[in-house]
Amino acid sequence: MNFRICPKCGHRPPQPIGATEACPACGVYMHKCLQMQQRAAHPPIDATPDATSFDWRARLTTLPSANDEVELAVRALVLIALALWGLHLASRDLASGEAMQSFMHAILLPIHEAGHIFTIPLGEFMTILGGSLFQVALPFGIGVAFLLKNRDPFGAALCLWWCGASLIDLAPYIYDALAPQLMLLGGHTGEDGPHDWIYLLERLGGLRRAHGWGRFTQRLGIAISSLAVVWAAWVLYRAYRRREHSIISDE
């Protein structure tokens, strides 16, 4: 290949320049200049995305595989069941602690007690707080793993629903701190034995506002679980739409 014009400086030599020759004006070799132009036209693709190119919208709303109709139907049934269960928990009376008499409480109680054990090395205050903290933090952590490692936003949304349900379950315990009536695990009320939230609110100077904190926790739990249901429903909707498009394109 001969060059009548230097691709770098635009010099027009009296005779065409060969690919292995240098421009008499700027000294660049023609084949090197050609290689630089080709690299500029076809830049290498970086297989590892950086933080600025990470698509959080896709991660939060898109299932990696959504072509199995049976799988999507099962996910939809699970979501409907959890939505109805959430409505049941939200309708329980706060003052009487009805939420703590549900099946969800039976699931959360061992997690709560494990939290007390795990936080013993952190001192008395964190040991008492650890039960309540762990029953909310555990589903949150599992949800983060679903989202980041498994790339399953539907599973993450269900774990967020679990976080909300944990707060709804916790609300009567906080509410009860002002005038203890609930029967605790040891077979006594807070007046007769240890009560996590009497201790915690006394240390924080908020025992008189226990009813207010209990109502706030219940409403926060309802809001979080409702948001989780909407999130999961949106993920399924997008999955169904994507499946329909793939079927149409195959036809």
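Position 1 is the first residue of the sequence, and the numbers go up from there. Basis for what follows: all heavy atoms, side chains included, without hydrogens, waters or symmetry-related copies.
Residue pairs satisfying the salt bridge (Lys or Arg N to Asp or Glu O under 4.0 Å) criterion with at least one member in residues 79-99, sequence neighbours excluded, are listed as follows: Arg92-Glu98. The list of side chain to side chain donor-acceptor pair (under 3.5 Å) pairs with a residue in residues 80-90, not counting sequence neighbours, is empty. Listed by first and then second residue, the side chain to side chain donor-acceptor pair (under 3.5 Å) pairs that reach into residues 154-166 come to none, sequence neighbours excluded. Sorted by first and then second residue, the ring pair (Phe, Tyr, Trp, His ring centres under 6.0 Å) pairs involving residues 138-157 (not counting sequence neighbours) form an empty list. The list of side chain to side chain donor-acceptor pair (under 3.5 Å) pairs with a residue in residues 213-227, not counting sequence neighbours, is empty. Counting only residues at least two apart or on different chains, the ring pair (Phe, Tyr, Trp, His ring centres under 6.0 Å) pairs with a member in residues 110-137 are His112-His116, Phe118-Phe134.
Interatomic distance, Ile222 CD1 to Leu87 CG, rounded to the nearest 0.5 Å: 9.5 Å. In this structure, CG in Leu122 is found 10.0 Å from CG in Leu133, a value given to the nearest 0.5 Å. Taken to the nearest 0.5 Å, the CG atom of Leu170 stands 9.0 Å off from the CG atom of Leu108. The CD atom of Glu124 sits 11.5 Å away from the OG1 atom of Thr119 when rounded to the nearest 0.5 Å. We find the CE-CG distance between Met100 and Leu89 to be 12.5 Å, quoted to the nearest 0.5 Å.
Glu113 is linked by a salt bridge (Lys or Arg N to Asp or Glu O under 4.0 Å) to nothing, counting only residues two or more places apart in sequence or in another chain. Residues passing the side chain to side chain donor-acceptor pair (under 3.5 Å) test with Thr127, sequence neighbours excluded: none. With sequence neighbours left out, the salt bridge (Lys or Arg N to Asp or Glu O under 4.0 Å) criterion links Asp196 to no other residue.
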Worksheet entry | Derivation and outcome, side-chain contact (heavy atoms from CB on, under 4.5 Å), residues Ile168 and Met104 | CA-CA 10 Å; Ile168 294 173; Met104 175 56 72; over 6 Å; no
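With side-chain heavy atoms closer than 4.5 Å counting as contact, directly or through intermediates, Ile120 stands alone and belongs to no larger hydrophobic cluster. Clustering of Ile, Leu, Val, Met, Phe, Trp and Tyr side chains at separations under 4.5 Å places Trp234 together with Tyr237.
With a 4.5 Å cut-off on side-chain heavy atoms, Asp169 and Ile107 do not count as touching. With contacts defined as side-chain heavy-atom distances shorter than 4.5 Å, the pair Leu63/Val235 qualifies. The shortest distance between side-chain heavy atoms of Arg151 and Thr62 does not fall below 4.5 Å.
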Determine all donor-acceptor pairs shorter than 3.5 Å in which one atom belongs to a side chain in residues 202-210; sequence neighbours excluded.
from, atom 1, to, atom 2, distance (Å)
Arg203, NH1, Tyr199, OH, 2.5

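Hydrophobic clustering, with ILVMFWY side chains joined whenever heavy atoms are under 4.5 angstrom apart, keeps Leu178 apart from Leu201. Placement of Phe103 and Tyr173 within a single hydrophobic cluster is found when ILVMFWY residues are connected by side-chain heavy-atom separations under 4.5 Å, directly or transitively.
Here the closest non-hydrogen pair linking Ile198 and Pro180 is CD1-CG, 3.5 Å. Across all their heavy atoms, Leu182 and Gly97 have their closest contact at CD2-CA, 3.9 Å. Between Ala156 and Gly143 the shortest heavy-atom distance is CB-O, 3.4 Å.
Trp231 places a side-chain N or O within 3.5 Å of a backbone atom of Leu60 that can act as its donor or acceptor partner.
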